[in-house]
Protein chains: 2
Amino acid sequence: MAGDGWSAGDGGSSVFGDQAGSAALLWGERGRPSRGPKPALSLERITRTAIALADLGGLGAVSMQRVAGELDFTKMSLYRYVPGKTELVALMIDTAMGEPPAVAPDAAWRPALRTWAGELSAVFRRHPWLLEAAVGPRVMGPHELGWTECALAALARTGLSGSEQLDTVVLVTGHVRGIAQITASMGVGSARGTHPEQVLSAALNELLVGRSDRFPALTSAVAAGAAECGRDQALEFGLERILDGLESLIARRAADASPDTARKAGTDGGDATTT
Amino acid sequence: MAGDGWSAGDGGSSVFGDQAGSAALLWGERGRPSRGPKPALSLERITRTAIALADLGGLGAVSMQRVAGELDFTKMSLYRYVPGKTELVALMIDTAMGEPPAVAPDAAWRPALRTWAGELSAVFRRHPWLLEAAVGPRVMGPHELGWTECALAALARTGLSGSEQLDTVVLVTGHVRGIAQITASMGVGSARGTHPEQVLSAALNELLVGRSDRFPALTSAVAAGAAECGRDQALEFGLERILDGLESLIARRAADASPDTARKAGTDGGDATTT
DNA sequence: CAGAACAGTGTCCATTGGATACAGTTTTCT
DNA sequence: AGAAAACTGTATCCAATGGACACTGTTCTG
């Protein structure tokens, strides 16, 4: 009854209703009980194997049988370490995220946030299955929370309010994810290996041929943009726009706070947003 | 052999390798052959039923058996209309997206893009399963392409290049998706019904209790931001930042093109981005 | 040393997406 | 009219999935 080892320690009045198992695995102490035979497997080994499988064949290639087979064990033996596949995926996510990048505490917020976004993008490029795995309601693990912490630390001295800082992290994350989404979409298919944006243009062109009257703006945009396209151009473009918008807001805030030092925080204190 | 009805009409030299079936279903003419009994089902009915199931119980609640059972048919009868579940999901996506919002051709780009983002957000709120369904490589349907077209039309006269316009659409879409992601994450769980951001704060607080030394920036940001938080505040905040950044770029472009009319396109021609 | 706590396995089950073969219906061709 | 072809819906079968449960064997503690 109470010895399943997965239930949370407290009485259960947690906001994580069904996901207490994930929370316990992600955050709990995993002290091995000192009775019975030593486990031949480990959570780390299982998780790493599952991640390796997902890196190769996507999240669909991760099944209990395959993970167990890769380790020369039976499927059910995994359930001694993990209460279910959902929890295994949660572990995979947090392990694959890895340690957040170290930021110098005195670094300026803009380059810090830029490298943060770049590192996050690299993580998504290394583990494209994170895009399909980290959707829907789930419990954040220590690494995932660490990434958020890292970005918030960069924004601590910007004058933004707490919720604005959180919203900023959400904004940048959403952009990086969106780009990773498209990049992953182009990494498969018949034209694997060519420049990704060319594949996108090719796919769009194939759809647009004979339909340019229905999609005139798309047609002209694709035609005009097909010439110059680099790999991470979309990521850079969006990121610069976001950072520009943030800088404008931060400068405005600084100007409101102390008008005499308005030109110090940002390069420009203009009222760029006359909504 | 050649009469399966799902293969593309042409020889098959398409960039959609495995997804020719989706492309044919999404874009092809679905003229009914005039031999044999009339179909008792229709693609539209199947798709609508599947969407209704997904709206209620998520994408996981959509199985061929359930859809067929809902229609009082056998599972295999659906395969007369849809080559596989992948294609059914593709149809669900494009149907759920619906018609893009109509924009006046002479509307200013900023309000147009803002309402576009709001409508997109509403779609994601109506069909949260779109977030998990529309990941990974897939074929865009006419409605999805129509949404892109709609946004590009708003950006046509901004002076942005074709790829910049496309990158802008990707940027805004990524933000809206990111917000919808978080909103959907909070729509479930034990505290369903309360204000979503309060649930997020509660979950974060539960994780942060006793660990504020490990996540100082997060702790203070959550503490400072817990007071004032509205429903769509995160969406609005990020959107305004993006639009600010875009406005800055557009104004700079206009200034470069014709310095005398610099103050016309944007409110400010300052060099806000000294990368 | 005896029993409790533990690890790994074998077996079973419901459900999933899908292939295939078949019976019944409707239209077209001879 | 009659026959063959094309089409619809169904029944049956299959591999793979996540997971429950009972079981054997191992190891540490009282």
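Per chain, numbering begins at 1; letters A, B, ... match sequence-line order.
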Nucleotide nearest Phe73(A) when distance is taken to its side chain, options dT10(D), dG8(C), dT8(D): dG8(C)
Sugar-phosphate only, base, or nothing, as touched by Val82(A) at under 4.0 Å among non-hydrogen atoms: nothing
Closest-nucleotide 5' rank along DNA chain C - winner of Gln65(B) and Pro37(B): Gln65(B)
Integer-rounded Å distance: dT15(C) P and Met64(B) CE: 17 Å
Integer-rounded Å distance: dG19(D) P and Tyr79(A) OH: 4 Å
Separation of dA11(D) P from Arg80(B) CZ (nearest whole Å): 14 Å
Atom pair distance, as rounded to whole Å: NZ in Lys38(B) and P in dT25(C): 15 Å
Between P of dT11(C) and NZ of Lys75(A), the distance in whole Å: 13 Å
Nearest heavy atoms of Pro83(A) and Tyr79(A), plus distance in Å: O-CD2, 3.8 Å
Pair Arg138(A) + Asp94(A): basic N to acidic O under 4.0 Å: no
Rounded distance (nearest 0.5 Å) linking atom CG of Leu235(A) with atom NE2 of His175(A): 5.0 Å
Along DNA chain D (nearest heavy atom to each residue), the more 5'-positioned of Pro83(A) and Ser63(A): Ser63(A)
Leu208(A) side, atom CG; Leu145(B) side, atom CG - distance, nearest 0.5 Å: 5.5 Å
Nearest-Å distance for atom pair CE/P, residues Met76(B) and dT10(D): 11 Å
Rounded distance in Å - CZ (Arg35(B)) to C1' (dA5(D)): 5 Å
Salt-bridge present (Asp55(B), Arg48(B); N to O < 4.0 Å): no
Touch class at under 4.0 angstrom, heavy-atom based, for Val67(B) against every strand present: nothing
Distance in angstrom units between Leu71(B) CG and dT10(D) C1', rounded: 16 Å
Nearest-neighbour nucleotide for the Arg66(A) side chain, dT17(D), dG18(D), dA21(C) considered: dT17(D)
Under 4.0 angstrom between Ser77(A) side-chain N/O and dA7(C) OP1 or OP2: no
Side-chain donor/acceptor contact of Lys85(A) with base of dG19(D) under 3.5 Å: no
